[in-house]
Each structure stands twice: as structure tokens, then as C-alpha cells.
J.: 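The structure that follows is given in the form of C-alpha cells.
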Amino acid sequence: MPEISGFAFPNDIHVHWSLMIVMYPYITGFVAGSFIVTSLYHVFGRQEFKPIAKLSLAASFCFLLIAGMPLQLHLGHPERGIFVMITPHFTSAMAGFGLLYTTYLVIVALEVWFVWRQDIIEAARRARGLKRSLYKAMALWTYDSSPEAQEVDHKVITVLAGIGLPMACMLHGYVGFIFGAIKANPWWSTPLMPVIFLLSAAVSGIALLSVVYQVVSKLRRAPAEEPTVSALARWLWFFLILTITLELLEIIMLAYEKDESWHIISQLLTTRLEFSFITVQMIIGGMIPLILLGIVVMANKYMAPRLRNGLTVAASLLLLLQVFSMRWNVVIGGQLLSKSLRGLRSTYNPELFGREGVLMAIALFITPFVLMFLFDRLLPIHKAGEGAVPGEAKTGSAHV
Amino acid sequence: MSDTQYPAPAEAGAPQEPARRDFLEQGVKLASGAVVFFAGARALASSGGGAPGPKDNPFGEEYDWNEHRYAYVIDTKKCIGCGSCVRACRAENDVPDGFFRTWIERYIVGPEGSHVDSPNGGIDGFPPASVAFAAKKSFLVPKMCMHCTETPCVQVCPVGASYRTRDGVVMVDDQSCIGCGYCVQACPYGSRFLSPKTHTAEKCTWCYHRITKGLKPACVEVCPTQTRLFGDMKREDDPVRKIIETERVAILQPHLLTEPNCFYLHLDKEVR
Amino acid sequence: MEHSRHVFRIALVLVVAISAFVLLRTLFVPRTYGDYGPYRGGNVVEQAHVREPRHAGSDGCTSCHAKQAADRKTGGHKAVSCEVCHGPSGIHVQAGAVKGKMPVDRSYQLCARCHRKIEGRPEKFPQVVLDQHVPAALETGVCLQCHNPHSPKP
């Protein structure tokens, strides 16, 4: 039984939205963030992102494939999860998930197909036996690799990326909306919530790619491109500034307005969430990377590649932690305070084993990297023959 | 006396809802697939292709839900905190231990502070309390689902498992509920919970199996002080309707605009 | 256009997939879904028959327990339903037939739930401080030595 300080409604002492609901926005954040990076090249033509355009698209795709898993694992009746698609109730923010997720999955899958189409055709021509049939099927039995066809591909990719970018923003903005639109819970109910989720998604996506890119470069024994690393650091810094500003603004607004809920929320932040909010989300995960990236951005010219790489990776790892703690503080924090606004329950500790446990969360975080490894086997993320193995880029330190 | 002594009798006359399908009906559905996707089966029903059956009243002869609209009144000055309602609810509805479809809160208020408690929902009554401040007033407040007209819980249900009937009762279809818990988060009154037995959302139904037979909800039936009153807004001479229409009634958390159908008499500002 | 054949081909795959989903979906929509709104209409009647009522009210008790019922009519508990103290009659009688024995709780705690003096209880409601009111040891049956529970005098 959880301990209650003050008074909580008797049904309010349970944390129904568990670790899986923390993992869900965390993983969708990577999807949206990685897609933003790939779009910077494909839509906005930022050449410095060319070396990681394919990598980030693959990352977005692989995280997207399992983005629905944490929700599925959390449901009281996982076998009924498909009802969200069969009888969607459209006044529910959650019902939008089925439609939005599927549409976005289709767009990303299409973009993957068009980006790797030449590789598929090449492989279909080169491979033998069963593998050959597989690639032929993947090419949909048309093998037009003429420059004109490639020009068509290029146009389609631009259009898909152009549609995909707002879709990615909507997919993640909507995750924030799920919380932001709950008027019953003052810790969630703010129009800032979707914006904060979206910006922190960009932060987590870029941070993830900064780390993965360095690891991949190490594995390929090819130095990371300096302009790419600097650009990642620059954009990461930019999004971090916005995120931290909005996260602080949310609290300051509540405090300054002396909202009826401020009394209990200030208690929540200084007691139950003291470590995960103030220490991790704001100081270790917020201020320190802000300073590190600030140094990288402002002293970029005078910096040796090793130092720049090191600082960026360090900041990125801390930011992966920051975004996780932000998800935790929103999802779990909102359930620690009772809607009576008179009481807090004791901190929630997730189980280790089981459907919604810590090990499952770790497995969920690792799975996309395994998928990326398999993806690379099927469709080389870096040109064939260079031996890039991004699948072993396990950045597990960002976890728990 | 444990609840297990009187297991639920077999469902009497409830239509089963298995996978049995009418293939002719499916043919019509297939033909208008795209329409159905966005409009649901409702489009079919109105175009005459839907399942045969009462379109206005699912009950047939036994009861007409168009002729009732229920409402509830709680007079906080009368409540003695005996917990009879909480016990009766548990016995009537097999509410799982540690969860509550209804409960009682006790408020002890003074100029320097306030204290609220609800030991086990008040199921065994309340012990004497001692508070650190000088108490000037104290009172007991029964709580339950407000059966809102503008239901935040129904609004967020992703699969349409939660709904409000035409006679004004908010219920959960436990065959459709996926157990996501969104409605539990969305209810400002803490009236819902995920049942550890069925893994679906559960809540007060105003004892729908009683009121459709003309009985009162179990909590109203056993209340020894008539703190809890249940009535029908569509009946001219209904005492509850008279109270709501002529007395000064209050609702909980009016700023959320949920339009509750559970009204309070003599509600204090401390109660949320 | 001749170099766009692959675009049309994948578009066709997409259209086929979406159509297949939309058609398959209709097979899984419950039969009564949407009859009265975006929910399964059949559930309304299911809820109305989820179980037989277990609390039957005091009127049903009178036919067998006439003495107690008559006592109750005249005393301080005339507005208190039998089931408040005795529990749901469904334990005892179902559909007119006796099912089991009704539990009778003679403990002082049962009386104390309503009549112990506590904070929050309305001042005018009859209530006592247990240690001051009961000279004897607090044990089962102690209240019944002086009070008739079916017709208590103030």
C-alpha cells in the first residue's frame, strides 16, 4: 500500500499509468526527433546532414515499428488493443493514435522504400536464390534505375518528407495533447504540454543521433564529419534552449498566478519529484548540457574534433536522461498528486520483471537498435562494402 | 460476512454478444465500407441496413429509457458517516477491496487549517479524530460518480466503451473496455478505477440493474438518515426534482463545466 | 510518365492494403455498435440484467418478521431500513425462497457506527462517548442489555 500524505481520494492512490506510459512518449520522441533530422536534409536541403540522412530515417523507422508496443503492454486487455482501430471514438485524443500512427508509419515506410530503391534493385540483380526473390518482391518487380526514374524518386522523397514532417510533429504533439487536455489534473492540464513534448522530442532525437553517429563512425573506422557534428550540436542547443525555457515557464506561470493547484504542485516538486525534477531534469540533464553545448557552439572554431565529439556525446547522453526524466515527471508525477489537491502518494517504484517492468522497458529501448542492425543487413545504411554496423550502437546508459 | 456467499446469478435474459454474424448484413456493410469507417455502424442503422431491433429503446416492453432522466441529491448536513452506503454498494455490486464506487469523506475545519480523512472509504464508519488545530466545524460528505452531462471520462474513451445512457447514467461496457485507464485519469472526482478482477474500468452505475426495475440504488435504499436521495427529473411530482428546482443546490468542481447530475445541499467550500 | 511506373505500383499496393483493412474492419465491429451512439448498444440491456438486486428493502421482511416490523414502526429506528444493520436480504431470501441464514450482528461496534460520538457527525444526532455511556465492559451484546434495537427509546 502506498503511503499518503494529506488526503487523497480513495481511488486516487493507484498509479495506473506505469513505466510503459513513460516509455511510450520517450520512444515516440525518438521517432519524431530523428525524422526532423532527416527532413533537415530532405526538405530543407541542409547538406551538413547528408551523412546522417539515411541513418536518421532508419532510426525513425525502427523506433516507429515498436512505438505502439509500450501501449499494448500496458493495456488491461492487450488483445482488445485493435479496437482502437475498429471502433475509434473520435472525441478521444487516444483514438487519434491509431489513425495518426498508421498514416505516419505508411509515410515513413514509403520514404524508406524510395530512398533505398536503388539499393533494392542492385541487390535484386546481384543476389541469388531466396534472397533474390525477396529483393525482387521488395522492388515490386519493377527495376527502373534510369536517371529519369531517380529524378522521380527524388521528387517523391521530397514530397513524402514534406508530408512526414508535419505528421511527425502532430504524432508527438498529440502525445503531449493526451496529457495536456486532461482538465482533471492540474499538473498535466496546460496548452504548453504538446509544445514541450514536441520540443523535447526534437532534443531526444537529435541527441540520440549524435551518439549513434559517433558510435557508427567508430565502428566504421571513419571519422565523423566535422560539419555534421557541429550542426547537430548547434540544433541540439537551439532545441534545448526552447525546451528548458518552456519547461520552466510552465512552473513559473503556475507559481506566479498562484493557481489553486500550486500549493500541492510545489509540494510535489520539492518532495516526491525533488530528485527526478530538480536534480535530474533541470540541473544534471538541463543546465549542464546547456553549458557544454554552448561551449561547443560558441568555441566551435577553436575546437579539436576529439574535444568537440566528446563534449557533444557527453551532452547528448545527459539529454537522453533529461528527456526520460521529463517523461517520468509528467506521467508519474501527475499520478502522485490526488485530484483532491490535498494529498500526495508515495513515490512509485516500477516492478523489475513483468509486463510493465524495468526489464521490459530496457528491452523496448534496445529492440530498435537490433532492428537497425537487421535493417542495415537488408538495406545498407551506409554504402555497401563499408561495413557499418550501427546495430551495435547501444546507448543503454540513457536508461532508467 | 464476505461477499462471496452470494454469487451473482446467471444473467437473466441478457442478449449475448458473441461472434455470430449475419452474412447478409455483412454484405451491406462491405459495400459501404468507406462510409462505415468514419461513421461507424450508425450510418448503416439509419440507412436501413442495420440490425433489426428497437431503435429508440433497447429494452422493449420492460422499460423505456426515454421516459426517465435520473438525478441524485446529497444533503451533507444529514450524513452521520455510518458507512452503510459504502457497505451496501460493495455487497450489491461486488466492488473489489480497496476500490470504491462510493465513499465518505470527513472534513474537520478551523481558521488555522483543515483536515480530511476517509479511512477505507468510510466503510466501517469513522473513529474519533484529533487534530492539531482548533476545529470550528466538521461534517461528512458522501462522494460518488457525478454522472455528468458533459462527461470528461466518456469523452476520452478511445473505443467507445464508456457512454452515457438516455436516462442519464454513465456506464462502462466491460466487453469493449481495453483497460487503458484514460477515463480514470480524466475523471476529476476520482470516481473511476481499473478493476483488478476484470482489468477494465469500473464505476458507479446508480445500480442500473435496480433502477431499471423501479428500485432505488443500494446506497439510497440503506441510507438511515435520508442523506442520499434518488429521483427522476422527468416525473412531475418527484421530490428530488423539486429540491433541485427550488432549493439552492451546489455541485462539485463547477469550474470544470462537467454539468454533474449529482447535487449537494449545504456544501462547504472546503469540499472539492 | 514512363519512368514513374514504380510509383503507380506502390500506390496500388497502398490502395489495396487500405481497402483490405477497411473491409476487414467492418467484420469486427460489434453488431449493436452505434445503435444509440458511439458505443455497443447491447450493453445497456446487459447492464440492466447484470445481476439480480440484492437489497430488497424493508417491506419484504414484514411478511415473516411481523413482530419486529411492528416494533420498528413505533420507535426511533422507524426510518432505518432493516438492511442497514442486517445486511442485504439477498443472503437470506432470493426470489421468494429462503436461501440462507441472515447474519445477526450483536456487537457494540454495529451500534457505534452510527451512535458513537465522533467529529463530523451532526450535533443533534443521538450519539454517545462510549466509555462514559457504557459502565460495563465494551463487549458484544452490551448495548442490547438496555436498548431494543428494533424500537429504541431515546
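By convention in this document, chain letters (A, B, ...) are assigned in the order of the sequence lines, proteins followed by strands, and residues within each chain are numbered from 1.
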J.: I'd like to know which of A:Ser146, A:Ala109, A:Ala139 tops the heavy-atom pair count under 4.5 Å against chain C.
T.: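 Highest number of pairs under 4.5 Å: A:Ser146.
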J.: Which value, rounded to the nearest 0.5 Å, describes the distance between C:His6 atom NE2 and A:Ile120 atom CD1?
T.: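 One gets 10.5 Å once the value is rounded to the nearest 0.5 Å.
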J.: Heavy-atom cut-off 4.5 Å, strictly under: side chain, backbone, both or neither for A:Leu110 against chain C?
T.: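 Side chain of A:Leu110 only, per the 4.5 Å heavy-atom cut-off to chain C.
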J.: Give the minimum heavy-atom separation between C:His3 and A:Asp144, together with the two atoms involved.
T.: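 What the structure gives for the nearest pair is ND1-OD2, 2.9 Å.
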J.: Using a cut-off of 6.0 Å, state whether more than 12 heavy atoms not belonging to A:Lys183 lie near its atom NZ.
T.: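 Yes, because the 6.0 Å sphere around NZ of A:Lys183 holds more than 12 heavy atoms from other groups.
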J.: Please classify the contact between C:Leu14 and chain A as side chain, backbone, both or neither, with a heavy-atom cut-off of under 4.5 Å.
T.: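 Contact with chain A: side chain only.
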J.: What do you reckon, is OH of A:Tyr143 surrounded by more than 12 foreign heavy atoms closer than 6.0 Å?
T.: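 Yes.
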J.: Please determine whether side-chain contact (heavy atoms from CB on, under 4.5 Å) holds for the pair C:Arg40 and A:Thr87, giving the CA-CA distance in whole Å, both sets of side-chain angles, and the decisive distance to 0.1 Å.
T.: CA-CA 10 Å; C:Arg40 192 169 60 88; A:Thr87 55; over 6 Å; no
J.: Do you know which two heavy atoms are closest between C:Arg9 and A:Trp141, and how far apart they sit?
T.: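 That would be NH1-O, 3.2 Å.
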J.: Could you tell me whether the side chain of C:Arg25 reaches within less than 4.5 Å of the side chain of A:Pro88, counting heavy atoms only?
T.: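 Side chain of A:Pro88 against side chain of C:Arg25, heavy atoms only: contact under 4.5 Å found.
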J.: Less than 4.5 Å to any heavy atom of chain C: does that hold for the side chain of A:Phe114, its backbone, both, or neither?
T.: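 Contact with chain C is through the side chain of A:Phe114 alone.
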J.: Tell me whether the count of non-hydrogen atoms from other residues, nucleotides or ligands lying under 6.0 Å of CZ in A:Arg125 goes above 12.
T.: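 Enclosed: over 12 neighbouring heavy atoms sit under 6.0 Å from CZ of A:Arg125.
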J.: Could you tell me if the side chain of A:Met85 sits less than 4.5 Å from the side chain of C:Phe21, heavy atoms only?
T.: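 Side-chain contact under 4.5 Å: yes.
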J.: Using a cut-off of 6.0 Å, state whether more than 12 heavy atoms not belonging to A:Glu79 lie near its atom CD.
T.: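 Count over threshold, so yes.
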